[in-house]
Enquirer: 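Before I ask anything, let me first share the structure, which is written out below as structure tokens.
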Amino acid sequence: MTEHLPTQAAGRRTALIVGAGIAGLATALFLHRIGWHSIILERAPARRSGGYLVAFFGIGYDAAERLGILAELRQRNLDPFQLRYVKADGTHHFSVPSSAIRDLIGPRQLTLLRGDLEEVLHHAVRDHADIRHGTTVESVTQTEDTVAAHLSDGTVVEADLLVGADGLHSQVRRLVFGPEEEFRVDLNHIVTAFTLDRHPAQIPPQTSTTLTTIGHTVTVTSLGPHRTAAFLVHRTTTPAADLAKGPAVAVDDAFADLAWILPDLRAHLRQAGSAYFDSVSQIVLDRWSIGRVVLVGDAAWCVTLFGGYGASLAVGGADLLASALDHPATDISTALRAWESRLRPTVLRRQQIGRRNTAAHAPANRLRLATRNLVMRLAALPPTRHLLRRHLDLHPDD
Ligand SMILES: Cc1cc2nc3c(=O)[nH]c(=O)nc-3n(C[C@H](O)[C@H](O)[C@H](O)COP(=O)(O)OP(=O)(O)OC[C@H]3O[C@@H](n4cnc5c(N)ncnc54)[C@H](O)[C@@H]3O)c2cc1C
């Protein structure tokens with residue numbers, strides 16, 4: 001059965017968005033503001049929560065302000081944290097005060113759980129879009145005038161635009177652009193991130209405490225008396241083999257020699273099992289749209305956690321996409337190309353920063369570890385702070 005969206009008949013433009021993560025929800029919201037109607041397909045049976053911490057600033061923050069969701073996001077802001085660095089035995093090494101971090105990034109930034117950002121976007125969009133959980137797209141065909149998607153529930157939906165917002169391992173990208181292997185560049189690290197419903201004794205309140213050794217980083221952030229975020233990165237030459245082990249075994253194997261809080265985190269993973277667990281990989285495509293199909297967010301450009309700007313790009317990119325489409329006289333593929341040329345330089349710069357930052361997250365040798373420590377210590381000193389800000393591109397001139 002082919003579903004013609006009722007709004008098509010009423011002359012409204014329509015989008016089928018695959019993925020209800022940050023990019024998909026933000027795209028639906030910005031399209032609603034220019035009068036479009038969206039259906040959002042989400043593979044997961046229910047909305048995700050928790051996740052990991054994201055720093056949210058730059059074009060994402062500006063776009064959230066335009067959406068009118070900043071006040072709600074501020075209520076969920078988890079800053080400020082003191083950054084503490086510990087030695088392998090857990091003893092204090094050095095600290096960077098929260099005031100230094102605020103000075104570095106400036107006042108227009110938030111630290112949010114990914115799930116909280118998604119929840120605020122979801123609340124803002126749920127009355128304006130048709131969100132279908134437990135559904136995905138199985139095939140796509142397009143003509144000059146329309147794009148049709150066959151869905152996993154057996155229906156066919158026709159729309160003016162199909163948006164692939166389905167993340168690093170995008171199905172839309174696979175169906176329309178080609179196999180993932182052609183576009184995925186592995187940075188040879190694995191990330192495991194999860195939250196605990198308690199506060200481990202080793203982590204002082206209002207701190208984000210990090211242990212970095214050669215090839216490993218573990219950061220544990222206190223989010224209050226009953227919640228803690230843990231984030232582990234390890235270097236590997238065989239990411240696919242590590243992923244095949246699953247989070248509990250991969251973390252057991254990679255972090256076996258580390259003490260401090262590791263036995264506790266490893267036990268949690270063995271019991272609870274649920275975690276964000278994936279390779280750190282960028283997506284490099286020479287175009288983000290083909291006809292009426294466009295990729296956004298991690299599906300299009302994944303800059304990685306090392307790029308530190310993926311959530312901001314997902315929201316800011318959605319804002320720019322809607323601006324480009326907000327000209328009824330311009331055809332859709334021309335608007336998509338204009339959007340891409342506006343956003344691509346920012347994405348390329350962030351991907352470059354992501355590749356450069358791999359050395360800081362899980363340094364390959366002692367020299368790189370010492371350099372990372374020196375850079376972080378400079379952040380604590382006002383005279384050198386501006387150098388670090390420029391180095392990390394924390395004030396993107398977007
Ligand atoms: C540990 C970590 C730390 C990070 N830190 C930061 C940071 O500090 N600052 C920052 O800006 N960014 C950060 N990022 C990056 C940021 O989280 C991502 O760039 C952002 O979440 C991407 O959003 P997305 O919506 O494009 O993709 P995703 O979050 O991957 O969402 C994709 C959605 O599509 C759904 N989906 C997948 N496949 C299908 C399918 N076939 N059909 C239907 N639905 C599907 C998924 O279930 C999901 O809901 C970090 C990432 C990680 C992993």
Side-chain angles (χ1 to χ4, degrees), residues 1-10 12-51 54 60 63-64 66-69 72-73 76 112-140 146-173 175 276 292-300 310-311 314-319 321-322 325:
M1 184 188 78
T2 301
E3 185 177 351
H4 295 278
L5 304 182
T7 45
Q8 271 183 311
R12 276 175 84 184
R13 284 181 156 186
T14 55
L16 179 65
I17 299 173
V18 184
I22 298 169
L25 294 168
T27 302
L29 258 178
F30 277 108
L31 288 180
H32 168 68
R33 279 163 60 100
I34 62 163
W36 286 50
H37 175 76
S38 299
I39 292 182
I40 307 176
L41 307 180
E42 169 56 51
R43 183 180 55 185
R47 221 172 42 69
R48 306 181 295 177
S49 61
V54 296
R66 272 191 284 284
L67 282 175
I69 58 170
E72 246 196 284
L73 289 177
R76 290 151 193 267
L112 302 162
L113 272 172
R114 189 207 61 210
D116 285 353
L117 175 52
E118 285 183 2
E119 185 173 73
V120 169
L121 290 166
H122 185 267
H123 282 172
V125 81
R126 65 185 166 186
D127 293 335
H128 308 299
D130 171 2
I131 305 177
R132 302 179 186 179
H133 282 272
T135 315
T136 188
V137 57
E138 288 185 338
S139 67
V140 177
T146 190
V147 55
H150 293 245
L151 310 190
S152 54
D153 62 7
T155 58
V156 179
V157 172
E158 272 192 20
D160 294 297
L161 179 68
L162 173 65
V163 181
D166 46 350
L168 175 61
H169 305 294
S170 168
Q171 163 93 333
V172 174
R173 191 182 59 230
L175 291 172
Y276 175 92
R292 290 173 175 271
V293 180
V294 64
L295 301 174
V296 297
D298 281 6
V315 180
D319 183 10
L321 178 63
L325 289 166

Enquirer: For the atom pair CZ (Arg47) and NE2 (His122), what is the distance rounded to the nearest 0.5 Å?
Expert: 5.5 Å
Enquirer: Check Leu325 against Arg13 and note the closest heavy-atom contact, atom names and distance.
Expert: O-NH1, 4.0 Å
Enquirer: Quick one: CG on Leu113 to CD on Glu119, what's the gap to the nearest 0.5 Å?
Expert: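 Leu113 CG to Glu119 CD: 10.5 Å, rounded to 0.5 Å.
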Enquirer: When you measure from the side chain of His37 to the backbone N and O of Thr14, does any donor-acceptor pair fall under 3.5 Å?
Expert: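 Not a single qualifying donor-acceptor pair exists.
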Enquirer: Check each of Val147, Val163, Leu162, Leu16 against Arg292 using the side-chain contact (heavy atoms from CB on, under 4.5 Å) test, and report the only one that passes.
Expert: Val147
Enquirer: What's the spacing between Asp153 CG and Thr135 OG1 if we round to 0.5 Å?
Expert: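 So the gap between those two atoms works out to 5.0 Å.
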Enquirer: Only distances under 3.5 Å count here; give the side-chain donor-acceptor pairs of residues 24-31 to other protein atoms, sequence neighbours excluded, each with its distance to 0.1 Å.
Expert:
unit_1 : atom_1 : unit_2 : atom_2 : d
Thr27  : OG1    : Ala23  : O      : 2.7

Enquirer: Nearest 0.5 angstrom please: Leu161 CG to Leu321 CG, how far?
Expert: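 Spacing of CG (Leu161) from CG (Leu321) equals 7.0 Å.
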Enquirer: Say you draw a straight line from CG of Leu73 to CG of Leu117; how long is it, rounded to the nearest 0.5 Å?
Expert: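 Between atom CG of Leu73 and atom CG of Leu117 there are 6.0 Å.
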Enquirer: Evaluate the side-chain proximity of Arg114 to Ile22: yes if any heavy-atom separation is below 4.5 Å, no if none is.
Expert: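 SC-SC contact between Ile22 and Arg114 confirmed.
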Enquirer: Mind checking what makes ring pair (Phe, Tyr, Trp, His ring centres under 6.0 Å) contact with His32, not counting sequence neighbours?
Expert: His128
Enquirer: So among Ile17, Val125, Ile39, which one has a side-chain contact (heavy atoms from CB on, under 4.5 Å) with Ile131?
Expert: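 When side-chain contact (heavy atoms from CB on, under 4.5 Å) is applied between Ile131 and each of Ile17, Val125, Ile39, only Val125 qualifies.
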Enquirer: Within this structure, what is the CG-CZ distance for the pair Leu112 and Arg76, rounded to the nearest 0.5 Å?
Expert: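 If we round to the nearest 0.5 Å, Leu112:CG and Arg76:CZ are 9.0 Å apart.
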Enquirer: Can you name the closest pair of heavy atoms from Arg48 and Gly21 and give their distance?
Expert: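 The pair with the smallest heavy-atom distance is NH2-CA, 4.1 Å.
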Enquirer: From the options Leu41, Val137, Thr136, select the one residue that forms a side-chain contact (heavy atoms from CB on, under 4.5 Å) with Ser152.
Expert: Thr136
